[in-house]
Structures are given as structure tokens and as C-alpha cells.
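A short worksheet on the structure shown next.
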Amino acid sequence: MSDQVAAEITVSLPDGSTRMLADGATGFDLAQSIGSRLAKDAIAVVINGVESDLSTPLSSGVTVRVLTGNIEEGRQVIRHSTSHVLAQAVTSLWPGTKFAIGPSIADGFYYDFDLPDGAHFSDEDLVAIEQRMREIISEDQPFVREEHTFTEGLALFADQPYKTEIIEGVRDTNLPADEELALEISPSGAQVSAYRNTEEFVDLCRGPHVPSTGRLGHFKLMRVAGAYWRGDERRPQLQRIYGTAFESATALAEHLHRLEEAERRDHRRLGAELDLFHFPPEIGGGLPVFHPKGALIRQTMEDYSLAMHREHGYQQVWTPHIAKSTLFEISGHLGWYAEGMYPPMEMEGATYYPKPMNCPMHILIYKDRQRSYRELPLRLFEFGTVYRFERSGVLHGLTRVRGITQDDSHIFCAPEQLADELRSLLAFVLDVLRAFGLTEFEAELSTRPEKFVGEVEEWDAATEALRSALEAAEIPYIVAEGEGAFYAPKIDVHVRDAIGRRWQLSTLQVDFQLPQRFDMSYVGADNSRHRPQMIHRALFGSVERFFGILLEHYAGNLPTWLSPVQVCILPVRDDHEDYGAEVLSTLRAAGIRVEMAPADEPLGARVRHAKLEKLPYVLVVGDEDVANRTVGVNSRGTNDPERGVALDEFVGRISQEIDQKSGPGLS
RNA sequence: GCCCGGGUAGCUCAGGGGUAGAGCAACGCACUCGUAAUGCGUAGGUCAGGGGUUCAAAUCCCCUCUCGGGCUCCA
């Protein structure tokens, strides 16, 4: 081709620079022109914001970003490509398998299958599948993009009913049904794209993919599960395989290590190790008992919360656990929440239900007498235990139980007070959460759904009030359009824990329905009756769940104020026990929770036991300490004890720490 | 509720048709020690429960309960 000058194209890079390439150059050529290292690491490209294969020819004037495996978008491509390899492996081991979808997800991927003759995967199957996947990877099969019309696509996947349904769905609506389907098919134009690895194996997919299976390999199949087609329990249950994949063996190993770390933090494990709570089968699923140390932690949490509520103008109330059906008919719970309620009990001709929520009872307290505008906002607060029928499969340690103690509050206010009340309420909620060591917040503002009660103007005003509370609190939030309950817009507060996991905790909901159902009123300054507005608010959400989250957040290393045992005294020999007892009573008099372990085991063993219990402080007392009235301080998180600390000084230190709700670090 | 996998000593687990095992914990005795496991000894089990197959079942089969991982659900 020396007889003609090669045409050239110009492309822009993310840093604003431009680069000249031969006409017909691909993303891979671009990466190569930048550097051989980049060419080696390149997974895919983003052309004018659209993710594409490395083999895509570039046209002049486009902006191109090269995706490598060490960034999230690149990993998604690796995971999605690995899911295709999984599908090919399964079809070669189970001929006749029907495929559903196989998207990348946070930290991995999955693929849903419908095996011939209703077969199911077992854990042993995963080993064989992984083996087959490694063969496919070593064959270095190319991912070849094919584009088809809808008609061709339907013909290509004629024996794949799930793929057919996806293609028809997009053809008829021009939209994939949800985010995960969007990875399978692109709605743009009248095209269906597919990626072919071999003569036999081709899968519907939007792409992009790695150039060939040889680029994969750092993966692991994690588990098998059942999953309903399109998440609908009325439709067939498919066999899902979860896996994870990374760009390198190191990154995969790090990920698996993080999973182990999360397992070590599992509150169910810590609950047993630290003797805090358990779930006796004789009582029933989802119904925990708290042991002395667990109860102490829980009580400390509740005491602090109650004190903060009183300081902020809340009045504590107390209400029973069951009520006649009449109450839940008025509240409407029997109408729209009956499935979530425990079944009724008949007694003396009346029907009683365990309460699923506290609000109706708080409303009855409000309604016991006529209320004046001067009393508003009226803030009622209760640690109210409610019972909800959670299906057996959803129970999960303390984070999903059937007996739930809510730190529940209902605020009744005049409409013109709503915005101020929400603002101070949100600030209060965040302050209390911060005291428990949770500092990273993200909120969700859920707005009016299609089906709703009340007036549009009311909804708009309440939504604006919630929004302004979020703005004032200066926390990041997203708006979930149409996600509100039918009776109210709401704010949900999520927190990030120490290892970055997101938990939904507090909720603030305005309620347009209950004040009306209960015909609530107050007498205004104008001497006429008005309808109050109502706010539901749970701060911890559920005390049990919050307890579990805190345990995981701290990995069991609770700050000193929450530790059930704050100090353990270890006399070096038994003739130091008298002094140890003196230290114990001094600390106890200062309100510190303290124990002493007698010298009938070697000191090292006793230190070890105390460390395994994750106690904040171990005090060793020996000859020098008896002589000088000092203690040896071994703090959690260190193996470097401090010798000769004056007893008074230690008391001062730990008291201050308890006061500030801080404490030594991890064990 | 549905799919998959478990349930053997208080805990963690081994054993997989022929009379039940280990480590830790517990208990007893000795040791008296300056910072993450002192030694010796003792006791501890209807192998989740029920039914079946077998001369014989912890072990194989069926049912139930229960726990875990997912799916659905979370007002």
C-alpha cells in the first residue's frame, strides 16, 4: 500500500490531548500508540461516553477513554465476560440449558439458568463448572460482536425462551425492563447485538467484552442459589450461580480477604463469642434473648437515647403489646398490612392482635383529651416492642427479627410547624448517630407515588420541608421519585460502617392518613379545630438491628462507654489480690464496670482471655503497684503496656473517655 | 414461602454400614507467675427428632424441626 498515503484520524483523550491514528484504527490501536503497558492492560474503551469493545474502529473527532481492569468500569467488563464463560461452561456440561441473564453486580457477577429436566446445581457442580471455565479461558476464545435485526435475533435465539422474551420486550417497548436487563441488550435502534465465542456458543449481549477469554481467569464461583425469573415469585425459579472476578490474582485475593474480614465481624458470630445474645429454637426464629452482657450494652444504648430525647423535648410513653382488632381497623393496618401481622387471638368475644406498630397507640394518648395549639409540637417517644410476621427465609440474626423494639417517636404539630420540626428532628437524629460513632451519612428522599392519599399541595409542602431539612443538615441525598409510601413522603438515612457497608437506619415520615383516620384535632389560637400533622420517626430503627450493626461496625471492639466490662484487674500473684480488690472498689465507686481475675492461672493466659473478650483495659497489679498505688495499663489494640500509672490518674482518664464516648482501638 | 447446603460433647470440627473421636472450654489437683495458651487428671453424647431399609444405621432412604447462603418480601 505504499502507493497511497494512509488517511489519518484524530481522536481526543480524557486529558484534552489529541492523537493521530491511521484510518480504521481501533481502540486497541489507540492504547498501543499510548504505550505497550496500557495495551496490555486495556479491557475496553469508552467512545464519546459509550462503552465499546477494544476492536471497535474509531472515527475522527471522537473522545476515547481506555478502560483497564483496575478501575470499576473495567472490572465490570471482566465480570460480565466471565459470566459468559460461565454460561458456556454450563451449556457444555448440561446441554439444553436455557439461559436467562448474567449481569455484573457489585463485587462480582451471576448467571441464571433453567437446567434441563428441572435439574438443580449442587455445590460439587461448582467445582466441575469452574474446571470447564478454566479450559474455556485457556482456549483463548475471541468475543466476536454480531449485530442482527430483531427478526434475525429471534431466529438466532429461537430455542432460548428467556432471551426471546428479552428481545421481544425491547422490540415492543424500546426499553429494557430493568437495570440488569440493560446489560443484556441495548435499546438503541432496531439492532440486537450478540457476542459469539465459538461456533456453538453465542449470547445476547450489549457488550462490551474483553477481546478474548484468555484475558480472564482471576475468578471464583461463590455459591448457588434459587432466583425467580425477573424477580417475580409467580414465575419460574431459576438456578443462579454467583461468582466474582478481578483483573489480577492479587485483587481477587484481596477481595476474598475482605469477605473473611466481614465474616469475622458478623454480629451473630460475635454475639456467641462475646456471650451477648442467642436465638433459642424453643422460643422461635427471629426472637432473640439478650444475655447479661448483651442486655447491659442494650440498656446503655437505650439509656443514652432516652436521655437525649428528654433533652430535646420528647416525653416517654409506654403502651401494651396487643390490642383489639378495632384499633387496627381504625388505623387501617388490618386493611393494608394484615399479612405482616401476627395472627389474631380470641379472648372473651374480642379479637386481639400483637401490634405491628406503635403509632395507633400513641395517637390514642394524644386523643385522650382535647389538645391546644400551645402543646404542639407534642413529641411522644417509646421503646416499643412490635411483632411482625417475617417469612422464615428472611430472618437474619439481629438485623431481621420478628420481635422488634423500635425507638419510636411520633410528633404531632401544626402544619406551619412542620418544616422547622423536620429540620431540628433530622439534626437531632444525626447527632445521636454520631455519638455512636457513625459519621458517614447518605439520605434518600422518597416522593409522592402514583397511588396516594391526601392533597397534592400537602404532599408538595411536606416534600419541600423534608428537602430543606436535608439541605440544612448538609448530608448527601438522592431523590427517589415516586418511592414514598402511599400516605407520606419520607427521608431514609443510611450510614456507612467501618468497612464501607451501607445500612439503612433512621426514617422520618410525614403521615397524611392517620390524623384523618383517627379524626385528630387541636384547638388553634383562632378557637377553632384544626387537624395536626404527624411525623413518624425511628432513629435506630430497631434496637436489635442497630445493636447488630454497631457490633459489626466496631468488630466487637465497642467504645468504652458501651463495653459491658470496661476493665479487668489481674493480680500478678495471689498476695496481690487484696490490693486488686482495693483497685476494684475504687473503680466501681467511680461507676466503672470492672472485674478481677484471680491469680490461679498464669498471667499471660489471663491477659489472653481478657484480650479475646475485647475488653478496653486490662490492669495488671504486682509488687511495684502495691508499693506505689499504681496500676499497669494494657489498652485494647496494643501489646505495649504502660507501667506505673497512678490509680487516680487512670480513673480520671477512663472517666473522661467514657464521657466522650471514645475508647481504645481494635483488638 | 421457594432453591442450595448444613445439624456429631458447651464451642470448633473429624469420622461416613460393625458398640463415638480430637482440640478448646468445664470440673479436680498441683503450680503463684509483670502482660496473648502451666502441667497432670476427671467428667461430658438417644450423633436434631420421627419413620423406613438392614443381622447390624451417626453413616443409606423418606418426613419433620432447625441453622446458614440466596430469591421473593421489608408497610
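Below, read A as the first sequence line, B as the second, and so on, with proteins coming before strands; counting in each chain starts at 1.
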Original post:
Hey, does A/Met222 reach any base, or is it just sugar-phosphate, or nothing, if we go heavy atoms under 4.0 Å?
Top reply: nothing
Subject >> salt bridge (Lys or Arg N to Asp or Glu O under 4.0 Å) partner of A/Asp266, chosen from A/Arg264, A/Arg268, A/Arg269 >> reply: A/Arg268
**OP:** Grab the CZ-P distance between A/Arg606 and B/C33 for me, whole Å please.
**Re:** 11 Å
Under 3.5 Å, N/O pairs linking protein and nucleotides 2-12 of chain B:
from: B/C2; atom 1: O2'; to: A/Gln237; atom 2: OE1; distance (Å): 2.1
from: B/C2; atom 1: O2; to: A/Gln237; atom 2: NE2; distance (Å): 3.1
from: B/C3; atom 1: O4'; to: A/Gln237; atom 2: OE1; distance (Å): 2.8
from: B/C3; atom 1: O2'; to: A/Gln239; atom 2: NE2; distance (Å): 2.8
from: B/C3; atom 1: O2; to: A/Gly226; atom 2: N; distance (Å): 3.2

Subject >> Atom P, compared across B/A25 and B/G39: separation rounded to whole Å >> reply: 10 Å
Original post:
Which part of the nucleic acid, if any, lies within reach of A/Gly231 when heavy atoms closer than 4.0 Å are counted: base, sugar-phosphate only, or nothing?
Top reply: sugar-phosphate
Subject >> Contacts of A/Ile549 that satisfy side-chain contact (heavy atoms from CB on, under 4.5 Å) - sequence neighbours left out >> reply: A/Trp503, A/Leu505, A/Arg545
Between the protein and nucleotides 44-48 of chain B, list every N/O to N/O distance that falls short of 3.5 Å.
none

**OP:** Using the P atom on both, measure B/C24 against B/U64 and round to a whole Å.
**Re:** 40 Å
Original post:
Heavy-atom distance under 4.5 Å between the side chains of A/Glu444 and A/His494, does that happen here?
Top reply: yes
Original post:
Taking only residues two or more places apart in sequence or in another chain, which ones pass side-chain hydrogen bond (donor to acceptor under 3.5 Å, both in side chains) with A/Tyr477?
Top reply: A/Glu471
**OP:** Could you check whether A/Ala599 gets within reach of a base, just the sugar-phosphate, or nothing at all, counting any heavy atom under 4.0 Å?
**Re:** base
**OP:** For A/Arg391, answer base if it contacts any base atom (sugar-phosphate contacts may also be present), sugar-phosphate if it contacts only those atoms, and nothing otherwise; contact means non-hydrogen atoms under 4.0 Å.
**Re:** base
Filtered N/O pairs between nucleotides 62-67 of chain B and protein, under 3.5 Å:
none

Subject >> Spacing of A/Arg400 atom CZ relative to B/G68 atom P, expressed in whole Å >> reply: 13 Å
Subject >> Matching residue for A/Tyr242 among A/Tyr110, A/Phe219, A/Tyr111 - test: ring-ring contact (aromatic ring centres under 6.0 Å, His included) >> reply: A/Tyr110
Name the pairs: protein N/O against N/O of nucleotides 24-30 of chain B, kept only if under 3.5 Å.
none

Subject >> Flag side-chain contact, heavy atom, 4.5 Å: A/Asp492 against A/Ser506 >> reply: no
Subject >> Sidechain N-carboxylate O distance under 4.0 Å for A/Glu552, A/Arg501 >> reply: yes
Original post:
When we call it a touch if two heavy atoms are under 4.0 Å apart, what does A/Asn639 touch: a base, just sugar-phosphate, or nothing?
Top reply: base
**OP:** Could you tell me whether a side-chain N or O of A/Gln160 sits under 3.5 Å from a main-chain N or O of A/Phe99, the two making a donor and an acceptor?
**Re:** yes
Subject >> Nearest-Å distance once atom C1' is located in both B/U72 and B/A14 >> reply: 38 Å
Original post:
Can you check the A/Leu603 CG to B/C31 C1' distance for me, whole Å?
Top reply: 14 Å
